[in-house]
Structure formats: structure tokens, C-alpha cells
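Below is one structure, written out as C-alpha cells, with a few remarks after it.
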Amino acid sequence: MKLLVTGANRGLGFYLVKVGLEKGYHIFAGVRNSTPDAMKSLEDLKNTFGANLTIVKLDVTDEASVIRASQQVMTETANLDVIINNAGVLFGRNRTIEEVDIEECMKTMDINTFGSLRVLKHFLPFVRKGKNQSIINISSDSGSLTNAYSGDYAYGLSKAALNMLSEKLHIYLKNDSIRVYSIHPGWMRTDMGGQQASLDPIVSANGIFQIIESRPVIASKYVFIDYKGQPMEI
Ligand code: NDP
């Protein structure tokens, strides 16, 4: 299996890469920040897994960067089986509506929502040529209307919109047998989730791979599920 993972140098993205490599898959790991410090953990994986790991420079906010990344992938393969849109940000936690910074909201949407759209626009042709394909958009329970608390406006809006993107894509790709899932990965101990979070990101990464490998047909109305495959309310 060949997979593209965005935001792959740390947090959940890194563990998705690690678990995928340990399973023997070929991972194209998209990274925005390619400084030696940011790349250290991926370089260690490269030393272990060699040709099964391809590191690709990929900033999801920059369409030219996404196109260059697709050209780099094309030098190695014309087909991918899975895209995991994992790159994400959470800025300005707990700002009230009076404190909301619109620039920050636009930047959040640009990464969390439109970033996935850019990647899909340029990588869908690879997935159309894959086998047992899935597209995974890493969402959040913050994007559920049932979880509409006051605060995290930018983040909640961006993930609710990402869930809509997943539903649209699910309908668009239904006849092509490409499965689409919006996945809440749980509250994880990462830079974003903080060290007090309940979940080791490797547990979430393993759960997501179980979904990728079993490609469940979702019986509930929407393709929004958690990392255990349980339905989430949109
Ligand atoms: P982290 O903050 O630990 O990592 C975020 C990753 O996204 C980094 O690799 C970062 O790269 C990358 N990224 C940010 N902006 C861009 C960009 N413009 N282009 C490419 N990559 C970018 O987050 P998590 O691992 O915790 O989160 C992963 C996903 O899970 C996100 O979508 C998040 O919203 C979601 N999520 C997380 C939860 C949690 O509890 N942690 C809960 C629910 C959902 P760089 O190093 O360059 O900044």
C-alpha cells in the first residue's frame, strides 16, 4: 500500500508514518518545515526504513508547493492508495467572540480546510489509479455541531467545514469505490493536544490504520467517525 500523510514531522502525522512503515507500506511524508530539528525524527525513520519512506516538502497553504510535491511523488509512482490529510493548527485557543482575530481564523481555515482541498485537488488523480483506496481527513470533535461550545471559533469552524468537504467528496467518489472518512483522532498527547491529554497518538494512529485496512462501509448517515470507527455526530 502507498500512502501520503501531510503534517508528518510530529504529532499524529509522525506516528501515522511510523505505524505505516512498520506495517511494510510505502509512505510519502509531507513536511512543511524541513529544518534539521523538525526533520530529526523522520530522518531516524529513514535510516531504518530506507526506500519505503519518501520525504516530500509540502506546505498545504501554498498550491505551488502542493503541485511541486505531486511532481516529486510522480517521479516515484503514478498511484497512491490512501491520502491522510492530517496537517492542522489550533490558534488562539479560548478566545471569545469579542476577542476573535479574523486573520487567525482565515489562516486556520486556509490550513485545516482549504489545505486538505488543495491536496485533494492535486493528489486525487494518483488515488484514482490506486487499489482499495481511502481518503482520510483528520477532523475533530470540535467540528461537531453537538460540541458547539463558546471558544475555539476558528478551529471549530474549520473542522465543521472539513466535515462538509468529506461528505461532498464521499458523494463525488461513491461510484469510484474510493472510501472517504472524516476522523476524530481523540484527545492526544501532542504539541496541539498538550501533555494532559488522555491518548497516546500511537493508539490513534493504530486505530486509523485499522480503518484504512478494513475500509468499513459506514452505516450511519455521515462519514464522520472516531479513530475506533464509531460514528460521530456531524
Ligand atoms: P501537532 O500540532 O502536533 O502537529 C501538526 C502538524 O501539522 C505538524 O507536522 C505541522 O508542521 C503540520 N502543519 C501545520 N501547518 C501546516 C501547513 N501549512 N502545511 C503542512 N503541514 C502543516 O498536531 P496534532 O498531531 O495534535 O494534530 C494532527 C491532526 O489531528 C490535526 O488535524 C488536528 O486538528 C487533529 N486533532 C488533534 C487533536 C489532539 O488532541 N491533538 C484532537 C482532535 C483533532 P510544522 O512542524 O511545520 O508546524
Side-chain angles (χ1 to χ4, degrees), residues 4-19 27-43 45 55-70 83-93 104 106-120 122-123 135-144 147 149 152-163 165-166 181-205 207-208 211 224-228 230 232:
L4 172 73
V5 180
T6 67
N9 58 309
R10 58 189 170 97
L12 175 63
F14 172 76
Y15 286 101
L16 288 165
V17 173
K18 186 169 189 288
V19 170
I27 309 288
F28 293 86
V31 293
R32 166 176 67 169
N33 181 353
S34 53
T35 59
D37 267 5
M39 293 292 286
K40 169 88 181 71
S41 45
L42 279 181
E43 292 294 352
L45 287 183
I55 298 170
V56 182
K57 185 104 173 85
L58 172 52
D59 179 341
V60 301
T61 61
D62 176 0
E63 191 162 2
S65 162
V66 179
I67 293 169
R68 277 194 302 275
S70 72
I83 293 174
I84 308 182
N85 277 312
N86 163 77
V89 289
L90 197 178
F91 296 135
R93 183 151 234 173
E104 198 173 70
M106 295 206 292
K107 207 169 161 197
T108 303
M109 292 292 288
D110 202 22
I111 297 170
N112 294 4
T113 314
F114 300 129
S116 300
L117 195 54
R118 285 185 196 93
V119 170
L120 291 164
H122 295 288
F123 280 91
I135 289 168
I136 311 278
N137 292 325
I138 300 296
S139 183
S140 168
D141 59 353
S142 302
S144 169
N147 197 21
Y149 55 94
D152 290 345
Y153 287 92
Y155 189 71
L157 293 174
S158 73
K159 294 294 188 180
L162 181 66
N163 287 344
L165 171 60
S166 300
Y181 307 99
S182 236
I183 299 185
H184 166 54
W187 184 30
M188 303 170 294
R189 289 189 290 278
T190 62
D191 291 340
M192 185 187 291
Q195 284 315 301
Q196 73 282 22
S198 49
L199 199 62
D200 187 324
I202 202 154
V203 175
S204 184
I208 291 165
I211 293 164
F224 187 25
I225 56 177
D226 70 8
Y227 68 100
K228 296 176 182 162
Q230 296 302 308
M232 296 284 298

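What you see is a predicted model, and the numbers here were worked out from it, not measured in a lab. For ligands, and for the atoms within them, numbers begin at 1 and follow the listed sequence.
Taking every non-hydrogen atom of Asp191 and a distance limit under 4.0 Å, the qualifying atoms of ligand 1 come out as 3 (O). Using a 4.0 Å cut-off to heavy atoms of Gly7, the atoms of ligand 1 that qualify are 6 (C), 7 (O), 9 (O), 12 (C), 21 (N). Within ligand 1, counting atoms from 1 as listed, the ones closer than 4.0 Å to a heavy atom of Gly186 are 38 (C), 39 (C), 40 (O), 42 (C), 43 (C). Atoms of ligand 1 found under 4.0 Å from any heavy atom of Asp59, numbered from 1 in the order shown, are 17 (C), 18 (N), 19 (N). Those atoms of ligand 1 that come under 4.0 Å of a heavy atom in Gly11, given as number and element, are 3 (O), 25 (O). For ligand 1, the atoms sitting less than 4.0 Å from at least one non-hydrogen atom of Met192 are 2 (O), 3 (O), 23 (O), 26 (O), 33 (C), 34 (O), 37 (C), numbered in the order shown with element in parentheses. Within ligand 1, the atoms closer than 4.0 Å to a non-hydrogen atom of Ser140 are 43 (C), 44 (C), numbered from 1 in the order shown. Every atom of ligand 1 with a heavy atom of Thr61 under 4.0 Å away is listed here by number and element: 18 (N).
Residue, atom and distance of the protein heavy atom nearest to atom 48 (O) of ligand 1 are Arg32 NH2, 2.6 Å. In this structure, atom 13 (N) of ligand 1 lies nearest to the protein heavy atom Ala87 CB, 3.9 Å. Of all protein heavy atoms, the one closest to atom 7 (O) of ligand 1 is Gly88 N, 3.4 Å. Protein heavy atom nearest atom 24 (P) of ligand 1, with residue, atom name and distance: Thr190 OG1, 3.6 Å. Annotation: atom 4 (O) of ligand 1 to nearest protein heavy atom, Arg10 NH1, 3.8 Å. The protein atom (non-hydrogen) at minimum distance from atom 30 (O) of ligand 1 is Ile138 CG2, 3.3 Å. When only non-hydrogen protein atoms are considered, atom 9 (O) of ligand 1 lies nearest to Asn9 OD1, 2.7 Å. What sits closest to atom 20 (C) of ligand 1 on the protein, heavy atoms only, is Leu58 O, 3.4 Å.
Residues Asp59 and Ser65 have side chains that never bring a donor and an acceptor to within less than 3.5 angstrom of each other. Between the side chains of Asp152 and Ser142, not a single donor N or O lies within less than 3.5 Å of an accepting N or O. Judged purely by distance below 3.5 Å, without hydrogens or angles, the side chains of Thr35 and Asn33 pair a donor atom with an acceptor atom.
Here the closest heavy-atom approach between residue Ala69 and residue Leu58 is recorded as CB-CD1, 4.0 Å. Scanning both residues, Gln195 and Arg189, for their nearest heavy atoms gives O-CD, 3.4 Å. Residues Ile138 and Leu162 come closest through the heavy atom pair O-CD2, 3.3 Å. Closest of all the heavy-atom pairs between Ser158 and Asn112 is OG-ND2, 3.1 Å. Smallest separation of non-hydrogen atoms from Ala38 and Ser41: O-OG, 4.3 Å.
The pair Arg118-Asp110 meets the salt-bridge criterion, with a side-chain N (NZ, NE, NH1 or NH2) lying under 4.0 Å from an Asp/Glu carboxylate O.
Between the choices Tyr155, Tyr227, Trp187, the shortest heavy-atom distance to atom 34 (O) of ligand 1 belongs to Tyr155. In this comparison of Met188, Met39, Lys159, the heavy atom closest to atom 39 (C) of ligand 1 sits on Met188. For atom 29 (C) of ligand 1, the candidate residues are Asn86, Thr6, Val66; the nearest heavy-atom contact is made by Asn86.
The shortest N/O to N/O separation between Ile111 and ligand 1 does not fall below 3.5 Å. Remark: ligand 1 and Val89 share no N or O pair separated by less than 3.5 Å (distance only, no angle test). Of the polar atoms of Val60, at least one N or O is found under 3.5 Å from an N or O of ligand 1, judged by distance alone. Polar contact with ligand 1: absent for Pro185 (N/O pair, distance under 3.5 Å).
Remark: Phe28 pairs with His26 by the ring pair (Phe, Tyr, Trp, His ring centres under 6.0 Å) rule, at least two apart or across chains. The ring pair (Phe, Tyr, Trp, His ring centres under 6.0 Å) search around Tyr15 returns none, not counting sequence neighbours.
With a 4.0 Å cut-off on non-hydrogen atoms, Ser139 touches ligand 1 through its backbone and not its side chain.
Lys228 NZ: 12 or fewer foreign heavy atoms inside a 6.0 Å radius.
Using modelled atom types, one side-chain atom of Thr6 and one backbone atom of Asn86 make a donor-acceptor pair closer than 3.5 Å.
Looking at Lys107 and Thr61, their side chains never come closer than 4.5 Å, going by heavy atoms from C-beta outward.
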